[in-house]
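Structure first, then comments.
Naming: A, B, ... by sequence-line order, numbering from 1 per chain. Just so you know, these numbers come straight off a predicted model, no measurement behind them.
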Amino acid sequence: DQQVKQNSPSLSVQEGRISILNCDYTNSMFDYFLWYKKYPAEGPTFLISISSIKDKNEDGRFTVFLNKSAKHLSLHIVPSQPGDSAVYFCAATPKAAGNKLTFGGGTRVLVKP
Amino acid sequence: KAGVTQTPRYLIKTRGQQVTLSCSPISGHRSVSWYQQTPGQGLQFLFEYFSETQRNKGNFPGRFSGRQFSNSRSEMNVSTLELGDSALYLCASSPQVAGGYNEQFFGPGTRLTVL
């Protein structure tokens, strides 16, 4: 039972354009959501997070949107840069579960110069 | 501050053997979590240790175990290795400041290959 799903395994975007990554979840207990970026041979690096009491959080080029009624979140990267080419994971947790993250399957992003 | 370190980085074992992986968290971090990444199952939570006690556990068989020492360093052990245990094992540490979610910082992982 996949509680967090990233339905697009890959995404290709031109440098300077917007990258939009999507994530759906099924567990209503999730109330904190995170995005991580992962390069090959490295561990995931935290990008941005959002609590269920918000519907938007912005940090520089990264914005995460949360639609609780649809159980959907998205990550917008504007403008996309070649260094953004990586695998992106969304993750979710109920705050009560502490650090137990449930991850999506990942979306591989390729930013073309 | 030094990041999360994991040793060894690469390991090759044969079926039936056991293996111990080590994780040193960021200085001052008291929570250590372990994750398994495989192509088929993705990133899956194994367990979390806080103050030397297992606080959370994922859905893995009892062959997977862990412990945390008083200096917050953690080890995980897999006994009776199976081919399907071949994976990247990631350790993450967190400062665990009271109130709210605490960001987890991941190490580079240990790549385990079971032959």
Side-chain angles (χ1 to χ4, degrees), chain A residues 1-10 21 23-25 27 29-54 57 59 62 64 66 73 86-108, chain B residues 3-6 9-10 21 23-26 29-51 53-60 66 68 72 74 88-111:
Chain A
D1 172 30
Q2 247 186 314
Q3 298 185 62
V4 178
K5 283 186 184 178
Q6 295 175 253
N7 291 317
S8 298
S10 63
L21 291 79
C23 180
D24 297 298
Y25 63 97
N27 190 337
M29 299 301 292
F30 290 149
D31 55 9
Y32 202 84
F33 305 89
L34 308 92
W35 285 94
Y36 281 84
K37 177 167 82 171
K38 188 179 185 301
Y39 294 117
E42 294 183 14
T45 303
F46 171 76
L47 274 176
I48 192 169
S49 62
I50 188 167
S51 165
S52 60
I53 62 173
K54 294 185 174 182
N57 189 27
D59 184 0
F62 302 93
V64 57
L66 175 62
L73 62 154
V87 178
Y88 290 77
F89 293 93
C90 70
T93 182
K95 271 190 188 173
N99 292 321
K100 182 179 179 179
L101 295 177
T102 299
F103 282 87
T107 296
R108 184 177 301 276
Chain B
V4 177
T5 57
Q6 293 186 243
R9 291 293 311 276
Y10 302 92
L21 311 181
C23 172
S24 292
I26 293 171
H29 286 194
R30 296 166 63 193
S31 165
V32 174
S33 300
W34 288 89
Y35 292 83
Q36 181 197 64
Q37 185 182 23
T38 60
Q41 299 298 318
L43 266 160
Q44 291 186 289
F45 174 82
L46 279 156
F47 29 65
E48 180 201 6
Y49 285 87
F50 178 76
S51 292
T53 301
Q54 188 180 86
R55 185 161 70 170
N56 277 303
K57 191 176 186 310
N59 296 324
F60 279 82
Q68 186 181 34
S72 294
S74 177
L88 180 67
Y89 290 88
L90 292 158
C91 166
S93 76
S94 170
Q96 205 55 51
V97 174
Y101 178 80
N102 295 267
E103 180 187 340
Q104 294 188 60
F105 297 82
F106 283 83
T110 294
R111 171 72 63 185

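Heavy-atom neighbours of B:Lys57 NZ from other residues, nucleotides or ligands within 6.0 Å: above the threshold of 12.
Between the side chains of B:Ser33 and A:Asn99, no donor-acceptor pair is found at a separation under 3.5 Å.
For B:Leu43, the parts lying under 4.5 angstrom from a heavy atom of chain A are both the backbone and the side chain. With a 4.5 angstrom heavy-atom cutoff, B:Arg111 does not touch chain A via any of its atoms. Only the side chain of A:Thr93 comes within less than 4.5 Å of a heavy atom of chain B; its backbone N, CA, C and O stay farther away. Residue B:Leu88 touches chain A through its side chain alone, counting heavy-atom pairs closer than 4.5 Å. Proximity to chain A (any heavy atom under 4.5 Å) is shown, for B:Gln41, by neither the backbone nor the side chain. For B:Gln104, the parts sitting under 4.5 Å from any heavy atom of chain A are the backbone and the side chain alike.
Looking at residues two or more places apart in sequence or on another chain, you find a ring pair (Phe, Tyr, Trp, His ring centres under 6.0 Å) between B:Phe106 and A:Tyr36, B:Tyr35.
Across every non-hydrogen atom of A:Gly43 and B:Leu90, the tightest pair is CA-CD2, 3.9 Å.
Chain B is approached within less than 4.5 Å, heavy atom to heavy atom, by A:Lys100, A:Leu101, A:Phe103 from residues 100-108 of chain A, ordered by number.
Distance CG/A:Leu47 to CD/B:Glu103: 9.5 Å, rounded to 0.5 Å.
For the options B:Gly42, B:Ala92, B:Pro108, B:Cys91, heavy-atom pairs under 4.5 Å to chain A are most numerous at B:Pro108.
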